[in-house]
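Bear in mind that the values here come from a model prediction, so they are computed numbers and not experimental data.
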Amino acid sequence: MGTSETVDETKTTIVIPTELLDDFKHLAIDMKTTVTALIVESMKTYLKEIKKK
């Protein structure tokens, strides 16, 4: 019934400005993905950029 795949994730609640969330929702639909996936990718990209400095 279950899978042997381990997922290393933590659930959290954050406050996002409505306009920004709406933009992410539209982008997620256009890219056929989820808002969560877009936010995670954005966070990873941001971390890479600030670590370069």
- Task: Using salt bridge (Lys or Arg N to Asp or Glu O under 4.0 Å) as the criterion, list what pairs up with Glu19, not counting sequence neighbours.
- Result: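 Partners of Glu19 under the salt bridge (Lys or Arg N to Asp or Glu O under 4.0 Å) test: none.
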- Task: For Lys51, enumerate each residue passing the salt bridge (Lys or Arg N to Asp or Glu O under 4.0 Å) test, keeping only those at least two apart in sequence or located in another chain.
- Result: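 Not a single residue meets the salt bridge (Lys or Arg N to Asp or Glu O under 4.0 Å) criterion with Lys51.
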- Under a single-linkage rule joining Ile, Leu, Val, Met, Phe, Trp and Tyr whose side-chain heavy atoms are separated by less than 4.5 Å, which residues share a cluster with Ile29?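 Direct or chained contacts put Ile29 with none.
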- Item | Cluster companions of Val15 among Ile, Leu, Val, Met, Phe, Trp, Tyr (side-chain spacing under 4.5 Å) |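 Its cluster mates, by chain and number: none.
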- Message: Taking side-chain contact (heavy atoms from CB on, under 4.5 Å) as the definition, give me every residue that meets it alongside Val40, ordered by chain and number, with sequence neighbours left out.
- Response: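 Checked Val40 against side-chain contact (heavy atoms from CB on, under 4.5 Å); matches are Thr36, Lys44.
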- Message: The criterion is side-chain contact (heavy atoms from CB on, under 4.5 Å); which residues satisfy it with Leu38, sequence neighbours excluded?
- Response: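 For Leu38, the residues satisfying side-chain contact (heavy atoms from CB on, under 4.5 Å) (neighbours in sequence not counted) are Phe24, Leu27, Ala28, Met31, Thr33.
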- Task: Could you grab the distance from atom CG of Leu21 to atom NE2 of His26, nearest 0.5 Å is fine?
- Result: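 Taking CG in Leu21 and NE2 in His26, the distance rounds to 9.5 Å.
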- Message: Return the OG1 to CG distance between Thr18 and Asp23, rounded to the nearest 0.5 Å.
- Response: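 Result: 11.0 Å between the selected atoms.
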- Message: With a 4.5 Å cut-off on side-chain heavy-atom distances among I, L, V, M, F, W and Y, is there a chain of contacts connecting Leu47 to Ile39?
- Response: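 No, because Leu47 and Ile39 fall into different hydrophobic clusters, even though each may have its own neighbours under 4.5 Å.
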